[in-house]
Amino acid sequence: MDYTRISLRPFRPSDAEDFLAWAGDDKVTRYLRWNTITSGEEALIYIQQVAIPHPWRQSICLDDCSIGYISIKPESSNDRHRAHVGYAIGSDYWGQGIVTAAMKIAIPIVFEKFPSLLRLEGLVEEENVGSQKVLEKVGFTKEGFLRKYGFNKGEIRDMFIYSFLKTDKIAS
Amino acid sequence: MERYSDSDITLRPLDISDADDFMKWYSDEKVSKFCSWDTFTSKEAAIEYVVDNVIPHPWHKAICVSGRTVGSISVSPFHGMDKCRAELGYVVASDYWGKGIATRAVKMAANAVFVEWGELERVEAVVAVENTASQRVLEKAGFMREGVLRKYFLLKGRPTDAVIFSLLSTDPHVNYFMDA
């Protein structure tokens with residue numbers, strides 16, 4: 001994989017078809033809190049109403065085509081030094097280090113964009129080993145195992161919690 | 001040292017008529033050190049805080065010892081997809097520290113909310129790493145220590161590392177027949 005082909009940018013309405021290709025796949029949305037997208041219209045609505053207005057939800061692009069996303073959302077008021085990280089990528093692109101590369105691009109950008117941000121955190125379900133590897137390769141610290149932490153797709157899940165601080169170094 | 005039996009410790013709604021009692025902990029720097037609020041210097045300010053934050057809270061009770069109000073305990077449910085969990089917080093006046101009061105109150109509160117909220121499966125508490133006394137309360141109450149969260153919350157404006165603990169409705173320490 002030539003990682004210079006990977007870039008991050010805001011979503012555009014014209015991404016709808018590419019977005020549907022990965023967000024319409026149950027394998028991709030399995031561990032996400034949002035449901036599989038089922039049509040081009042739904043993809044367009046999601047991009048316009050959720051992705052574009054979001055504080056920081058960007059498309060992971062291969063040759064400027066959307067193949068996934070990274071989302072970073074600071075908590076409100078008293079906890080705005082903390083932000084949750086979410087990400088996903090089309091299943092054809094799994095296992096090639098693409099999300100890891102995109103995350104390494106994203107992290108310095110968001111720490112600059114949100115000056116009060118000190119801590120990024122990721123919550124990953126126990127079975128989602130691929131996602132855990134992404135965070136570990138970026139340099140996140142695994143802090144603990146949270147039992148029955150939240151619902152996803154109708155079931156209560158156990159999750160690992162990871163963090164990356166502004167003072168941490170991205171793993172090389 | 002005075003010891004209290006479990007039946008001496010009760011929970012009931014906190015009221016502004018408890019102002020003289022709750023002022024004992026709201027005005028105490030030893031207590032406010034690890035709390036989100038700063039030491040109150042007037043009864044009026046403490047009453048206003050209680051009216052704005054405690055009275056309307058979904059679950060916030062006075063901890064009483066032989067009928068005397070010595071602290072308070074709250075359980076705050078999360079919403080939407082996180083409504084399986086709730087966060088526990090508690091405070092006890094410093095004169096009553098070291099007598100097992102908080103431990104007993106935590107056990108009573110956890111049992112009560114697991115019974116009252118059918119969807120609740122997890123009660124969690126987040127404690128600053130320096131607050132070892134509060135960590136012992138949770139361990140004695142049967143909570144499991146899950147990890148240290150770095151720079152998790154701002155304590156007096158300073159990013160603070162915190163230990164996260166949890167108690168599940170299915171944990172053996174939960175006693176559904178305990179009188180609350």
Side-chain angles (χ1 to χ4, degrees), chain A residues 29-35 73-86 107 111 114-126 132 135-136 139-169, chain B residues 35-38 53 76-89 110 113-114 117-129 135 138 142-174:
Chain A
T29 62
R30 181 175 172 198
Y31 296 113
L32 301 179
R33 277 195 157 169
W34 40 285
N35 292 323
K73 186 166 189 181
E75 305 281 339
S76 53
S77 58
N78 291 339
D79 296 325
R80 69 181 181 282
H81 67 288
R82 210 161 81 208
H84 182 257
V85 174
I107 287 176
F111 276 123
F114 300 108
S116 51
L117 189 60
L118 298 173
R119 170 186 167 93
L120 295 175
E121 54 183 43
L123 288 165
V124 187
E125 291 183 36
E126 201 183 354
Q132 290 159 33
L135 295 180
E136 283 158 17
F140 276 68
T141 298
K142 184 190 275 193
E143 292 173 328
F145 184 68
L146 308 181
R147 306 177 299 157
K148 299 210 175 150
Y149 196 66
F151 279 100
N152 200 13
K153 305 290 191 299
E155 276 180 41
I156 295 187
R157 313 281 176 153
D158 300 331
M159 301 191 187
F160 286 110
I161 184 163
Y162 287 81
S163 71
F164 190 96
L165 301 185
K166 192 168 182 169
T167 45
D168 286 345
K169 296 281 176 284
Chain B
C35 293
S36 57
W37 41 268
D38 294 324
N53 296 286
S76 307
F78 288 87
H79 303 290
M81 284 199 256
D82 296 326
K83 60 183 187 286
C84 55
R85 86 177 181 269
E87 184 172 359
L88 174 77
V113 293
F114 280 133
W117 298 334
E119 283 157 338
L120 186 66
E121 304 239 358
R122 168 188 172 94
V123 172
E124 66 183 29
V126 173
V127 181
V129 294
Q135 290 162 40
L138 294 167
F143 279 62
M144 177 183 286
R145 186 188 171 108
E146 291 175 327
V148 174
L149 309 181
R150 302 177 302 154
K151 306 278 182 282
Y152 191 68
F153 63 86
L154 297 176
L155 185 64
K156 314 301 185 221
R158 192 177 54 90
T160 301
D161 294 348
V163 188
I164 185 162
F165 289 84
S166 73
L167 185 71
L168 302 188
S169 60
T170 47
D171 280 345
H173 315 278
V174 178

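Quick note: numbers below take in every heavy atom, side chains included, and nothing from hydrogens, waters or symmetry partners. Chain letters run A, B, ... following the sequence lines, proteins first and then strands; every chain starts at 1.
- A 6.0 Å sphere centred on NZ of A:Lys73 holds no more than 12 heavy atoms belonging to other residues, nucleotides or ligands.
- Looking at A:Leu165, the atoms closer than 4.5 Å to chain B (heavy atoms on both sides) sit in the backbone and in the side chain alike.
- Between A:Glu143 and B:Leu149, the closest heavy-atom pair is OE1-CD2, 3.3 Å.
- Interface residue A:Arg119: only side-chain heavy atoms are found under 4.5 Å from chain B.
- With contacts defined as side-chain heavy-atom distances shorter than 4.5 Å, the pair B:Leu88/B:Phe143 qualifies.
- Contacts between B:Tyr152 and chain A at a heavy-atom distance below 4.5 Å involve backbone atoms as well as side-chain atoms.
- Contacts between residues 153-166 of chain B and chain A, counted as heavy-atom pairs separated by less than 4.5 Å, involve B:Phe153, B:Leu154, B:Pro159, B:Ile164, B:Ser166.
- Of the atoms belonging to B:Leu167, it is backbone heavy atoms, and not side-chain ones, that fall under 4.5 Å from chain A.
- Heavy-atom neighbours of A:Arg80 CZ from other residues, nucleotides or ligands within 6.0 Å: at or below the threshold of 12.
- Using a 4.5 Å cut-off between heavy atoms, A:Glu121 contacts chain B through its side chain alone, with no backbone atom that close.
- We find the CD-CD distance between B:Glu124 and B:Glu146 to be 7.5 Å, quoted to the nearest 0.5 Å.
- Contacts between B:Arg85 and chain A at a heavy-atom distance below 4.5 Å involve the side chain alone, from C-beta outward.
- In terms of modelled atom types and a separation under 3.5 Å, the side chain of A:Gln132 and the main chain of A:Glu126 share a donor-acceptor contact.
- Looking at residues two or more places apart in sequence or on another chain, you find a side-chain contact (heavy atoms from CB on, under 4.5 Å) between A:Phe151 and A:Ile156, B:Met81, B:Cys84.
- Taking the six-membered ring where the residue is Trp, A:Phe164 and A:Phe140 present tilted rings, their angle falling between 30° and 60°.
- Side chain of A:Lys153 to main chain of A:Thr29: a donor-acceptor pair is present (N/O by atom type, distance under 3.5 Å, no hydrogens or angles).
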